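Everything on this sheet refers to the single structure shown next.
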Amino acid sequence: MKRCILALLLAVAGLAHGQLTPDEKKGIADTLFVGNMTIKDLEYDRRPFNDKYRLPLVNLALDNPLEAADKLMAFHRSGATKDLATLIQAARTQGLNDPTSLAIAVANRPADPSLAKLPAPLRHPIKKLVDSVADANSIIKRAISGISREDARYLTETLPLYANEDPSIKFSFTKRTTYDANKILALIDKIDLVAIRAAGEMLAANVEKIRPELQSAAKAVRQPVDLKLWIDGLRVDVSANKDVVHSDRDAVVMVDLGGNSLFKGRCGAGIGYASVLLAIGGNKTFEVPDLNLGAGILGVGLAYDIGGNDTFRCQSICLGAGLAGVGGFYREGGNDNYKCVSLGEGYGEFGLGILQDTAGDDYYDGAYNCQGAARTGGVGWLVDLEGNDIYRAGGLILNSPLFEKVHYSNAQG
């Protein structure tokens, strides 16, 4: 079975793998004719007011529904690729209308002495990975330079509240329960969101180039490895050939190259910076708090999980969640079990969140705003390419007082 759940604040009855065919367009024209209408009659003004945060694709859908349908189906079709970088590019250019290409400067950095603590085969790929994160950090720092540290903290704590609009959903990193929507929008306008999204694509492309080299180097490492290093000012955790409990919340680069590991800390989460998790091999268990496993708020968080049959028990803002940033989660192989509360499994707000699972029989469970969901200025995308999968959403927010046993989910596209 193939599934690709895509949300752009746009309701679509069905998505085909291409454009509307001439016969389909004729069928629409014939149906309209019965009601004494033509296709041109679909192009009436549906925009009583302009909203600068409304996506260009949504505006097109309002102005010219059939042309928008073609564009949306082409966007949908681009999900067939197996890499995050291409998906991020499609989401930011086709979904958010960002420039197709951007010139990005990178720096040449000397080797940090701490690299010598790593087994020799791992030093070069780990250096390249750290350098890539540092390059993304430079872009993100410039992109958010228009707001103060206090303002950045305010957005980090309030964007999730603004997204859910339900005070019953709590987040472990803040005690706030209210927010000022006008203040949020004013601060968002001072941030270069396009640059952050470009940094996300650049970082994903670099990680995907480094990954084969890192996997090849790992085969030459025989001894158990469990190191926590500072390289070029970044916290880097590297493990291999042993079962490890990852409880650290400070590492911005985490690499696990084998073992049946347990993850309980924070990894692949970029909050005003970039962060990468690469977990390769073994059956892994993730029991993690909010803001995790491919989450970006004012930054870029990427998580790659390769091999094994894995279990994901997450809270909120996880598994591909981007709030004024980029969150990407990539899973290759295995029959997996995903569970989150809200703002996860492909969720975007003022940015983009993507979850891609390439194969296996998977179970997805999320309560609210998840599984290909988006709000203002966002793209949320869940792409599952193969397998017999189960998707469950809801069960948290009652649709009261109208119903006693019916829940909202805002999920699955």
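Just so it is clear, the values below take in all heavy atoms, side chains as well, and ignore hydrogens, waters and symmetry mates. Worth saying up front: this structure is predicted, and the values here are computed from it rather than measured. Sequential numbering from 1 along the given sequence is applied to the chain's residues.
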* Asked: Is it true that atom NZ of Lys190 has more than 12 heavy atoms of other residues, nucleotides or ligands lying nearer than 6.0 Å?
  -> no
* Heavy-atom neighbours of Glu404 CD exceed 12 at 6.0 Å -> no
* Establish, from distance only, whether the side-chain atoms of Ser148 and Asp151 form a donor-acceptor pair under 3.5 Å. => yes
* Asked: Do the side-chain N and O atoms of Glu345 and Tyr347 include a donor-acceptor pair separated by under 3.5 angstrom?
  -> no
* To do: Evaluate the ring planes of Tyr391 and Tyr364, with Trp represented by its six-membered ring, and classify them as parallel (under 30°), tilted (30 to 60°) or perpendicular (over 60°).
  => parallel
* **Exam field: side chain Asp243 to backbone Ser261, donor-acceptor pair closer than 3.5 Å** => no
* To do: Show the numbers, then the answer: is there a salt bridge (Lys or Arg N to Asp or Glu O under 4.0 Å) between Asp189 and Lys52?
  => CA-CA 11 Å; Asp189 287 344; Lys52 67 180 179 181; 2.9 Å; yes
* Hey, what do you get for CG (Asp365) to CG (Asn337), rounding to the nearest 0.5 Å? -> 8.0 Å
* Does the pair Val255 and Leu129 meet the rule for a side chain to side chain contact (heavy atoms under 4.5 Å, CB included), with working shown? -> CA-CA 10 Å; Val255 178; Leu129 188 59; 3.7 Å; yes
* For the pair Asn410 (side chain) and Tyr368 (backbone), establish whether a donor and an acceptor sit closer than 3.5 Å, ignoring hydrogens and angles. => no
* Asked: Is Lys284 paired with Asp305 through a side-chain N to carboxylate O contact shorter than 4.0 Å?
  -> yes
* Asked: With a cut-off of under 6.0 Å to the ring centre and 45° to the axis, is Arg54 in cation-pi contact with Phe49?
  -> yes
* Asked: Under the 3.5 angstrom rule, does the side chain of Asn292 hit a backbone N or O of Gly265 as a donor-acceptor pair?
  -> yes
* Asked: Picking from Asp226, Asp256, Asp237, what satisfies side-chain hydrogen bond (donor to acceptor under 3.5 Å, both in side chains) with His246?
  -> Asp256
* Side-chain contact, heavy-atom cut-off 4.5 Å: Phe350 with Leu159? -> yes
* Show the numbers, then the answer: is there a side chain to side chain contact (heavy atoms under 4.5 Å, CB included) between Leu122 and Val221? => CA-CA 8 Å; Leu122 298 180; Val221 178; 3.9 Å; yes
* **Evaluation steps, side chain to side chain contact (heavy atoms under 4.5 Å, CB included), between Leu277 and Leu293** => CA-CA 7 Å; Leu277 163 69; Leu293 296 178; 3.7 Å; yes
* For residues Thr311 and Asp336, determine if any side-chain heavy atom of one lies less than 4.5 Å from a side-chain heavy atom of the other. => no
* Hey, what do you get for CG (Asp180) to OH (Tyr162), rounding to the nearest 0.5 Å? -> 10.5 Å
* **Salt bridge flag under 4.0 Å for residues Asp362 and Arg331** => no
* To do: Spell out, as yes or no, whether a donor-acceptor pair under 3.5 Å connects the side chain of Lys175 to the backbone of Ser172.
  => no
* **Charged N-O contact under 4.0 Å between Arg197 and Glu201** => no
* Check: Gln356 side chain, Thr81 main-chain N or O, donor-acceptor pair, under 3.5 Å -> yes
* Any chance you could measure Ser78, atom OG, to Gln89, atom CD, to the nearest 0.5 Å? => 9.5 Å
* May I ask you to decide whether Arg266 forms a salt bridge with Asp250, counting only side-chain N to carboxylate O separations under 4.0 Å? => no
* Matching residue for Val133 among Leu234, Val236, Leu302 - test: side-chain contact (heavy atoms from CB on, under 4.5 Å) -> Leu234
* Structure fact -> Sorted by chain and residue number, the ring-ring contact (aromatic ring centres under 6.0 Å, His included) partners of Tyr154 (sequence neighbours excluded) come out as none
* Sequence neighbours left out, what pairs pass side-chain hydrogen bond (donor to acceptor under 3.5 Å, both in side chains) with at least one residue falling in residues 120-129? => His124-Glu213, Lys127-Asp131, Lys128-Glu213
* To do: Using the side chain to side chain contact (heavy atoms under 4.5 Å, CB included) rule, take Thr285 and Asp310 through it: C-alpha gap first, then chi angles, then the decisive distance, then the call.
  => CA-CA 6 Å; Thr285 301; Asp310 298 344; over 6 Å; no
* Asked: If only atom types and distance count, is the side chain of Thr156 paired as donor or acceptor with the main-chain N or O of Ala152 below 3.5 Å?
  -> yes
* Would Tyr304 and Glu208 satisfy side-chain hydrogen bond (donor to acceptor under 3.5 Å, both in side chains), going step by step from the backbone distance to the final call? -> CA-CA 9 Å; Tyr304 292 80; Glu208 287 155 15; 2.8 Å; yes
* Specify whether Trp381 and Phe75 have parallel, tilted or perpendicular ring planes, treating 30° as the upper limit for parallel and 60° as the lower limit for perpendicular. => perpendicular
* Asked: Do Glu287 and Arg313 pass the salt bridge (Lys or Arg N to Asp or Glu O under 4.0 Å) test, and can you show the C-alpha distance, the side-chain angles, and the key distance before you say yes or no?
  -> CA-CA 5 Å; Glu287 298 175 354; Arg313 294 286 177 269; over 6 Å; no
* To do: Please examine the side chains of Ser239 and Val225, heavy atoms only from C-beta on, and report whether any two atoms are closer than 4.5 Å.
  => no
* Asked: Just by distance, do the side chain of Asn399 and the backbone of His407 share a donor-acceptor pair under 3.5 Å?
  -> no
* Under-4.0 Å salt bridge between Glu349 and Arg375 -> no
* Donor-acceptor contact present, side-chain Arg92 to main-chain Thr100, <3.5 Å -> yes
* Structure fact -> Between Leu298 and Ile147, the two heavy atoms sitting closest are CD1-CD1, 4.5 Å
* Asked: Charged N to carboxylate O below 4.0 Å: is that the case for Arg211 and Asp83?
  -> no
* Structure fact -> For Ala303 and Gly294 the tightest heavy-atom approach is CB-N, 3.6 Å
* **Residue pairs fulfilling ring-ring contact (aromatic ring centres under 6.0 Å, His included) with at least one residue in residues 274-295, sequence neighbours excluded** => Phe263-Phe286, Phe286-Phe312
* Asked: Once you round to the nearest 0.5 Å, how far does SG of Cys314 lie from CD1 of Ile317?
  -> 12.0 Å
* **Whether Asp112 side chain and Asp232 backbone form a donor-acceptor pair below 3.5 Å** => yes
* Asked: Is it true that a side-chain atom of Gln371 and a backbone atom of Ala393 form a donor plus acceptor pair closer than 3.5 Å?
  -> no
* Structure fact -> Output for pair (Asp357 CG, Lys82 NZ), nearest 0.5 Å, gives 10.5 Å
* **Straight-line distance of Asn260 CG to Asn309 CG, nearest 0.5 Å** => 10.5 Å
